[in-house]
Amino acid sequence: SFGPHIYRIVLPGRALELVGVLGILICAASLRSSLTVVPIPKVEGKLSTTGLYRYVRHPMYTSVLLLAMGLALESGNVFKYILVILLCILFYAKSVFEEIHLRLKYSDYEEYATRIPRFIPFTK
């Protein structure tokens, strides 16, 4: 029957959830003491360009988006799909703001940003 879960896709959803959670854990381990929830680098922070940061400038955001998309797919709830789209917009805006501060703090950030895509690997 057609109900609110007409767009429910369980297996790919679970796979995206797993990849998202793994990405979050890898990013947290990579950033260590530089990890912060605010989009302004810590004073004592270091620029991370290894690990997942070799492929995208904001792998934590990408990982959270993958997790959110997986949850939306698994639930099949259209409202959750809309929330994922809003989360994409929020993370884009947050990344733009964050990159202003990263460029001010790290002299080599501009060169890094020209080589590495923002969210999706291998798109440059």
Side-chain angles (χ1 to χ4, degrees):
S1 84
F2 295 104
H5 300 289
I6 189 170
Y7 302 105
R8 188 167 187 224
I9 305 169
V10 176
L11 213 49
R14 291 255 168 100
L16 287 176
E17 291 169 28
L18 178 62
V19 170
V21 168
L22 287 174
I24 291 166
L25 294 173
I26 291 168
C27 288
S30 176
L31 289 174
R32 288 178 259 160
S33 64
S34 294
L35 181 63
T36 176
V37 295
V38 296
I40 298 172
K42 288 185 171 182
V43 172
E44 70 280 2
K46 293 181 172 37
L47 179 63
S48 183
T49 59
T50 61
L52 296 178
Y53 291 87
R54 281 184 298 201
Y55 306 107
V56 292
R57 298 191 311 263
H58 300 280
M60 183 69 81
Y61 297 162
T62 299
S63 297
V64 172
L65 290 170
L66 290 171
L67 173 60
M69 180 52 83
L71 292 168
L73 284 171
E74 189 177 353
S75 76
N77 187 313
V78 175
F79 179 69
K80 289 182 182 178
Y81 289 113
I82 294 168
L83 289 177
V84 170
I85 292 167
L86 293 174
L87 190 59
C88 287
I89 294 166
L90 171 70
F91 279 165
Y92 179 79
K94 186 177 177 186
S95 73
V96 168
F97 179 80
E98 183 175 358
E99 289 193 0
I100 291 168
H101 294 279
L102 291 168
R103 281 180 173 87
L104 292 172
K105 180 167 175 57
Y106 303 110
S107 60
D108 52 346
Y109 190 81
E110 187 64 42
E111 186 275 329
Y112 169 72
T114 61
R115 291 184 298 106
I116 305 298
R118 187 180 303 259
F119 296 120
I120 304 170
F122 314 112
T123 57
K124 279 209 171 200

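The chain is numbered in sequence order, starting from 1. Hydrogens, waters and symmetry mates are skipped; everything else that's a heavy atom, side chains included, is used.
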Practice item. State plainly whether one hydrophobic cluster holds both Ile26 and Val19, where clusters connect Ile, Leu, Val, Met, Phe, Trp and Tyr through side-chain heavy atoms under 4.5 angstrom apart. Key: no
How long is the straight-line distance from [atom2] of [Y] back to [atom1] of [X], given to the nearest 0.5 Å?
{"X": "Thr49", "Y": "Arg115", "atom1": "OG1", "atom2": "CZ", "result": "7.0 Å"}
{"X": "Arg54", "Y": "Ile116", "atom1": "CZ", "atom2": "CD1", "result": "9.5 Å"}
{"X": "Leu65", "Y": "Leu87", "atom1": "CG", "atom2": "CG", "result": "5.0 Å"}
{"X": "Leu73", "Y": "Leu66", "atom1": "CG", "atom2": "CG", "result": "10.5 Å"}

Point to revise | Nonpolar side-chain network containing Leu22, other nodes, edges under 4.5 Å | key: Leu18
**Study point:** Under 4.5 Å side-chain linkage, directly or through intermediates, the cluster mates of Tyr55
**Key:** Phe122
Can you list the residues that meet the ring pair (Phe, Tyr, Trp, His ring centres under 6.0 Å) rule with [X], with sequence neighbours excluded?
{"X": "Tyr61", "answer": "His58, Phe91"}
{"X": "Tyr109", "answer": "Tyr112"}
{"X": "Phe79", "answer": "none"}

Check your understanding: Got more than 12 heavy atoms from elsewhere within 6.0 Å of CD1, Ile100?
Key -> yes
Practice item. Output every pair passing side chain to side chain donor-acceptor pair (under 3.5 Å) with a member in residues 62-73, not counting sequence neighbours, ordered by first then second residue. Key: none
Check your understanding: Under the side chain to side chain donor-acceptor pair (under 3.5 Å) rule, what pairs show up with a residue in residues 84-95, not counting sequence neighbours?
Key -> Ser95-Arg118
**Study point:** side-chain contact (heavy atoms from CB on, under 4.5 Å) assessment of Ile24 paired with Met60
**Key:** CA-CA 6 Å; Ile24 291 166; Met60 183 69 81; 3.9 Å; yes
Exercise for review: Using the test side chain to side chain contact (heavy atoms under 4.5 Å, CB included), find all partners of Ser30 that sit at least two apart in sequence or belong to another chain.
Suggested key: Ser48, Tyr53
Review point. In chain order, what residues pass the side chain to side chain contact (heavy atoms under 4.5 Å, CB included) check against Glu110, with sequence neighbours excluded?
Key: Arg103, Thr114
Hey, can you pull the donor-acceptor pairs under 3.5 Å for the side chains in residues 32-40, sequence neighbours left out?
| from | atom 1 | to | atom 2 | distance (Å) |
| --- | --- | --- | --- | --- |
| Arg32 | NE | Ala29 | O | 3.4 |
| Ser34 | OG | Lys46 | N | 2.9 |
| Thr36 | OG1 | Val38 | N | 3.3 |

Exercise for review: Tell me, please, which residues at least two apart from Arg14 pass salt bridge (charged side-chain N to carboxylate O under 4.0 Å, His left out).
Suggested key: Glu74
